[in-house]
Student: 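Quick one: structure below, then a few questions.
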Amino acid sequence: MAYIEVKNENKIYQMGETQIFANRDINFEIEKGKITVILGPSGAGKSTVLNMLGGMDSPSSGQILIDGVDVAKFNDRQLTLYRRNDVGFIFQFYNLIPNLTTLENVELATSLVKDSLDPKEVLDQVGLSERMSNFPSQLSGGEQQRLAIARALAKNPKLLLCDEPTGALDYTTGKQVLQLLSEASRKFNKTAIIITHNSEIAKMADRVIHINDSKVHEVIDNSQPIKAV
Ligand code: ADP
Ligand code: ADP
């Protein structure tokens, strides 16, 4: 059994009279410790898939098996605990807390989690040990995203879910952040799933799931993923 198994997943949004099929019969598997890219154009249904995996939304039908447990069957309480303990989220626009320092942003995330990692050690890993007492506004875009990566990793989650993590960065900075993300997820043995519409980013993934028009179009395994830099 694979670590993640999405089986016959459908998501239909009801907009008044109209039904929007955001995901249609989605099926894929992901092995533990692998980096997976979900690739596809805007509106294809990528975020909907990531929201299912992160327990932020539930499917209209189908199974979302994480380590054999169907997250789609969780109640609200179970979903809250799952999002808090088992998932680290990384967003396009970082979602840092502006009036907390670098260190405090990480500590806030780890304070609710039992088996979290040492915030200072993780900040050191992402190269921000000199920036612990700075506020997000004092960091560059790349540094803010590195902080967001540290915050997600420090929770020591099962999954790292990244929605367009380089979308707000220039090409070179994006590449560096991506390299850090892939190195860190391999080092900490995290299963990382990255959404992007950039086919270049897909080259550094172990597996690429192409989503088009709300369906899985093809799944490609990279036997030799390219390092981001
Ligand atoms: P992507 O991440 O690939 O850009 P999304 O998963 O965000 O695509 O969206 C897939 C489709 O579902 C789009 O047509 C989008 O407009 C629709 N959709 C997403 N979220 C909602 C929602 N909460 N209500 C209605 N429609 C939605
Ligand atoms: P090469 O000379 O092999 O192209 P590079 O260092 O230029 O080596 O890039 C390695 C590969 O990684 C390239 O194919 C590049 O396009 C890709 N890549 C990785 N991350 C990104 C990114 N964020 N944006 C664009 N391309 C990326």
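Hydrogens, waters and symmetry mates play no part in the numbers below; they use all other heavy atoms, side chains included. Just follow the structure's listing: the first ligand is 1, and inside any ligand the first atom is 1.
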Student: If you measure from atom 11 (C) of ligand 1 to every heavy atom of Ser214, Ala44, Ser47, Gly43, which option wins on shortest distance?
Tutor: Gly43

Student: Ignoring hydrogens and geometry beyond distance, is a side-chain donor-acceptor pair present between Asn8 and Asp25 at under 3.5 Å?
Tutor: yes

Student: So, Asn85 versus Lys158: side-chain donor-acceptor pair below 3.5 Å or not?
Tutor: no

Student: Which residue and atom name correspond to the protein heavy atom nearest atom 12 (O) of ligand 1, and how close is it?
Tutor: Ala22 CB, 3.3 Å

Student: Starting from atom 17 (C) of ligand 1, locate the nearest protein heavy atom and write down its residue, its atom name and how far away it is, to 0.1 Å.
Tutor: Ile20 CG2, 3.9 Å

Student: Are more than 12 heavy atoms from other residues, nucleotides or ligands located less than 6.0 Å from atom CG of Asp76?
Tutor: no

Student: Any side-chain donor-acceptor pair under 3.5 Å between Tyr94 and Asn105?
Tutor: no

Student: Below 4.0 angstrom from a heavy atom of Ser42, which ligand 1 atoms are there? Numbered from 1 as shown, please.
Tutor: 4 (O)

Student: Note the single closest protein heavy atom to atom 23 (N) of ligand 1, along with its residue, its atom name and the distance in Å.
Tutor: Tyr13 CE2, 3.5 Å

Student: I'd like to know if Asp206 pairs up with Arg186 as an ion pair, taking the criterion as any Lys NZ or Arg NE/NH1/NH2 lying under 4.0 Å from an Asp or Glu carboxylate oxygen.
Tutor: yes

Student: Measuring from Ile64:CD1 to Lys7:NZ, what's the distance to the nearest 0.5 Å?
Tutor: 11.5 Å

Student: My question is simple, although I want it checked carefully: is atom 21 (C) of ligand 1 less than 4.0 angstrom from any protein heavy atom?
Tutor: yes

Student: As a quick check of understanding, evaluate side chain to side chain contact (heavy atoms under 4.5 Å, CB included) for Leu53 and Ile66, giving each step before the final call.
Tutor: CA-CA 8 Å; Leu53 292 169; Ile66 313 286; 4.1 Å; yes

Student: Suppose I only count heavy atoms of Pro41 and a 4.0 Å limit; which atoms of ligand 1 are within that range?
Tutor: 3 (O)

Student: Is it the case that ligand 1 has an N or O less than 3.5 angstrom from some N or O of Gly45?
Tutor: yes

Student: Lys46 heavy atoms, cut-off 4.0 Å: which ligand 1 atoms fall inside?
Tutor: 1 (P), 2 (O), 3 (O), 4 (O), 6 (O), 8 (O)

Student: Is there a protein heavy atom at a distance of less than 4.0 Å from atom 3 (O) of ligand 1?
Tutor: yes

Student: Just by distance, with hydrogens left out, do Asn10 and Ser60 show a side-chain donor and acceptor under 3.5 Å apart?
Tutor: no

Student: Do me a favour and list the nearest non-hydrogen protein atom to atom 5 (P) of ligand 1 with residue, atom name and distance?
Tutor: Thr48 OG1, 3.7 Å

